[in-house]
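For reference, the structure discussed in these notes is given below.
So you know, we letter chains A, B, ... as the sequences are listed, proteins then strands, and number each from 1. Predicted model only: the values in this text are computed from it and were never measured.
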Amino acid sequence: QKEVEQNSGPLSVPEGAIASLNCTYSDRGSQSFFWYRQYSGKSPELIMFIYSNGDKEDGRFTAQLNKASQYVSLLIRDSQPSDSATYLCAVGFGNSGYSTLTFGKGTMLLVSP
Amino acid sequence: NAGVTQTPKFQVLKTGQSMTLQCAQDMNHNSMYWYRQDPGMGLRLIYYSASEGTTDKGEVPNGYNVSRLNKREFSLRLESAAPSQTSVYFCASRAQLQYFGPGTRLTVL
């Protein structure tokens, strides 16, 4: 059974700090990796995706993937109170719609002013 | 370009009543999904449709039925609602990237 594990948190960081969110997955054949942000009472919003080992940067966000260790992380630089949300890690096998995404239960991030 | 839309936003049912949740996407995606989200349980896949004309069970299909009406629309039906089906329901669609609708908050009394 495919599993995606995340620390539930909350992860508390002060404004301006780097927040580091981590995720491990069980299926070694996984090929696509996603981070979603979910504000309380709202739907998940895609913020990052990564397919290859290494780092991918987009603004204040960096996704890191290590397939050998089955580990994916999200770094948020210069954290803002508006970044306070639950972050969901999702893992997929291939890009076909026939392969569904497996979601972790999410890590709650709290950024204090 | 509205993305993924869902109706209704909120619904209260009595035990045993039936209802259909509607979902539509305008991104020309082949694949569509229905999830439920409960506190502490994360997102759980109910049913999905990899392409028009096909549907498959997900992790928690019992008590639900789905219809892929056309490429744009994918509906979820509760034939006889139970309190255990109180949840937030999300529809999603996907090509390479998956996008979610705004959700339906359902309460079954």
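When B:Arg105, B:Met32, B:His29, B:Met41 are compared by the number of non-hydrogen pairs under 4.5 Å with chain A, B:Met41 comes out ahead.
Residue contact with chain A, scored on non-hydrogen atoms closer than 4.5 Å, is absent for B:Glu59.
The line from CZ of B:Phe100 to CG of A:Leu46 is 9.0 Å long, rounded to the nearest 0.5 Å. With rounding to the nearest 0.5 Å, the separation of CZ in B:Arg94 from OG in A:Ser32 is 5.5 Å. Atoms OH and CG, on B:Tyr48 and A:Leu101 in that order, are 11.5 Å from each other to the nearest 0.5 Å. Rounded to the nearest 0.5 Å, atoms CG (B:Leu43) and CD (A:Gln38) are 6.5 Å apart. In this structure, B:Arg44 CZ and A:Phe103 CZ are separated by 14.5 Å, a value rounded to the nearest 0.5 Å.
A:Leu88 and A:Phe61 are not part of a single hydrophobic cluster, where members link through side-chain heavy atoms under 4.5 Å apart. B:Val60 is not connected to B:Tyr33 by any chain of hydrophobic side-chain contacts under 4.5 Å among Ile, Leu, Val, Met, Phe, Trp and Tyr, and they are in different clusters. Under a hydrophobic-cluster definition in which Ile, Leu, Val, Met, Phe, Trp and Tyr are linked whenever side-chain heavy atoms come within less than 4.5 Å, directly or via other members, A:Phe49 and A:Leu65 are assigned to different clusters. When hydrophobic clusters are built by joining Ile, Leu, Val, Met, Phe, Trp and Tyr residues whose side-chain heavy atoms come closer than 4.5 Å, directly or via intermediates, B:Met27 is grouped together with B:Phe90. The hydrophobic clustering, which links ILVMFWY residues whose side-chain heavy atoms are closer than 4.5 Å, places B:Val4 and B:Tyr47 apart.
Within 6.0 Å of CE in A:Met108 there are 12 or fewer heavy atoms belonging to other residues, nucleotides or ligands.
Between the side chain of A:Ser43 and the main chain of B:Gly101, a donor-acceptor pair closer than 3.5 Å is present.
Taking both residues in full, the closest heavy atoms of A:Tyr51 and B:Gln96 are given as OH-OE1, 3.7 Å, listed atom of the first, atom of the second, then distance.
Among the residues in residues 61-69 of chain B, none has a non-hydrogen atom closer than 4.5 angstrom to a non-hydrogen atom of chain A.
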Query raised in the report: Hey, mind stepping through B:Tyr99 and A:Glu45 against side chain to side chain contact (heavy atoms under 4.5 Å, CB included) and telling me if it holds?
Result: CA-CA 7 Å; B:Tyr99 298 96; A:Glu45 173 193 9; over 6 Å; no
